[in-house]
Amino acid sequence: NAGVTQTPKFQVLKTGQSMTLQCAQDMNHNSMYWYRQDPGMGLRLIYYSASEGTTDKGEVPNGYNVSRLNKREFSLRLESAAPSQTSVYFCASSDGGWKAYEQYFGPGTRLTVT
Amino acid sequence: TQLLEQSPQFLSIQEGENLTVYCNSSSVFSSLQWYRQEPGEGPVLLVTVVTGGEVKKLKRLTFQFGDARKDSSLHITAAQPGDTGLYLCAGDPQTGANNLFFGTGTRLTVIP
């Protein structure tokens, strides 16, 4: 039982390049989330998907797009990377509904944009 | 704007000492959680509190939710080096939104 997995673990991009961060969960959870974590800022929600087929913006969605491919997978795409997107990105999942607050996190992707 | 403020930001103590970290807000939360994060890993859920005044214990860790559901504290008794990590509180505000707001964290170091 792997829980939440993320790929890649590390990535370096040049400004303007694009990439997709992959996330998958094997807990049959309904809801999935993408966060970024920056020093002194805590975890900030980028996008979330309350259930398969739906996505919603979080606190910091600009410069990102997401796809809820199926119930297991939720990807985050950077179309044109900027240095301000240098961060650690975490994917999380939860059962949704009243249990939305019990979130399970992946190991993170460390992204550097030069 | 940070909904949740955590204090202190950094804490370094000797093994065996007691400590308390705080999570404060001006907003009311339906529930509040504490997570611990170790370097290079994602946060791991420790506890959820949902009732004002609720106290939960997890071995040497005691969590309390404020009566007004705006704040919480985490007390560690006889800290161990294994307690070292970043402690994050997260709140589920009474907005109906299906997401959490996280505090900036307290980075705890327990020196052997």
Side-chain angles (χ1 to χ4, degrees), chain A residues 2-6 9-10 21 23 25 27 29-52 54-61 66 68 74 87-110, chain B residues 1-10 21-25 27-51 54 56 58 63 65 69 72 85-107:
Chain A
V4 179
T5 57
Q6 292 183 236
K9 196 157 178 64
F10 300 94
L21 282 64
C23 173
Q25 51 92 9
M27 296 175 282
H29 282 166
N30 292 310
S31 301
M32 298 185 74
Y33 311 82
W34 277 105
Y35 292 90
R36 60 179 289 173
Q37 187 174 35
D38 303 293
M41 298 294 290
L43 282 158
R44 292 183 292 168
L45 184 66
I46 304 171
Y47 271 94
Y48 66 99
S49 171
S51 60
E52 187 178 354
T54 69
T55 59
D56 285 287
K57 294 178 180 179
E59 185 183 353
V60 288
V66 290
R68 183 76 183 265
F74 188 38
S87 188
V88 182
Y89 291 86
F90 289 99
C91 177
S93 71
S94 73
D95 219 5
W98 70 276
K99 281 201 157 190
Y101 47 78
E102 294 185 349
Q103 296 190 4
Y104 296 82
F105 284 81
T109 294
R110 293 185 177 275
Chain B
T1 304
Q2 281 290 337
L3 278 183
L4 288 162
E5 299 288 340
Q6 290 189 243
S7 61
Q9 273 191 289
F10 301 94
V21 299
Y22 300 92
C23 174
N24 296 298
S25 176
S27 301
V28 177
F29 292 93
S30 301
S31 65
L32 200 140
Q33 300 177 290
W34 286 91
Y35 290 81
R36 180 168 65 210
Q37 184 179 18
E38 300 192 16
E41 299 182 10
V44 175
L45 178 66
L46 295 174
V47 77
T48 300
V49 285
V50 296
T51 306
E54 182 176 4
K56 279 192 174 179
L58 186 66
F63 304 86
F65 202 10
R69 289 185 290 137
S72 180
L86 179 67
Y87 288 82
L88 296 162
C89 65
D92 165 26
Q94 292 187 315
T95 62
N98 188 31
N99 54 63
L100 292 178
F101 289 88
F102 280 81
T104 52
T106 292
R107 190 166 296 280

A.B. asks: Please flag which part of Val47(B) lies under 4.5 Å from any non-hydrogen atom of chain A: side chain, backbone, both or neither.
C.D. replies: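 Val47(B) has no heavy atom closer than 4.5 Å to chain A.
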A.B. asks: Shorter than 4.5 Å, heavy atoms on both sides: which option in Ala90(B), Gly40(B), Ser31(B) has the most such pairs with chain A?
C.D. replies: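 Between Ala90(B), Gly40(B), Ser31(B), the count favours Ser31(B).
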A.B. asks: Regarding Gln103(A) and Gln33(B), is there a side-chain donor-to-acceptor distance under 3.5 Å anywhere?
C.D. replies: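 On atom types as modelled, these side chains do not qualify, holding no pair under 3.5 Å.
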A.B. asks: Going by atom types only, do Tyr33(A) and Ser49(A) share a side-chain donor-acceptor pair under 3.5 Å?
C.D. replies: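 No pair is found: no donor N or O on one side chain lies under 3.5 Å from an acceptor on the other.
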A.B. asks: So which part of Tyr104(A) gets closer than 4.5 Å to some heavy atom of chain B, the side chain, the backbone, both or neither?
C.D. replies: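 No part of it gets close to chain B.
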A.B. asks: Return the orientation label for the Phe102(B) and Tyr35(B) ring planes: parallel under 30°, perpendicular over 60°, tilted otherwise.
C.D. replies: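 Rings of Phe102(B) and Tyr35(B): tilted, 30 to 60°.
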A.B. asks: Which region of Gln37(B), side chain (C-beta onward) or backbone (N, CA, C, O), has a non-hydrogen atom less than 4.5 Å from a non-hydrogen atom of chain A, or is it both or neither?
C.D. replies: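 Just the side chain, heavy atoms under 4.5 Å.
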A.B. asks: Can you give me the closest heavy-atom contact between Ser31(A) and Ala50(A), atom names plus distance?
C.D. replies: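 Scanning both residues completely, I find the closest heavy atoms to be OG-O, 2.8 Å.
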A.B. asks: Name the region of Gln6(A), side chain, backbone, both or neither, that has any atom closer than 4.5 Å to a heavy atom of chain B.
C.D. replies: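 When you check distances to chain B, no heavy atom of Gln6(A) falls under 4.5 Å.
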A.B. asks: For chain A, which of Leu86(B), Thr48(B), Leu88(B) has the most heavy-atom pairs under 4.5 Å?
C.D. replies: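 Looking at each of Leu86(B), Thr48(B), Leu88(B) in turn, Thr48(B) comes out on top.
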A.B. asks: Hey, would you say the Phe74(A) and Tyr48(A) ring centroids sit under 6.0 Å apart?
C.D. replies: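 Between Tyr48(A) and Phe74(A), which both carry aromatic rings, the centre distance is not below 6.0 Å.
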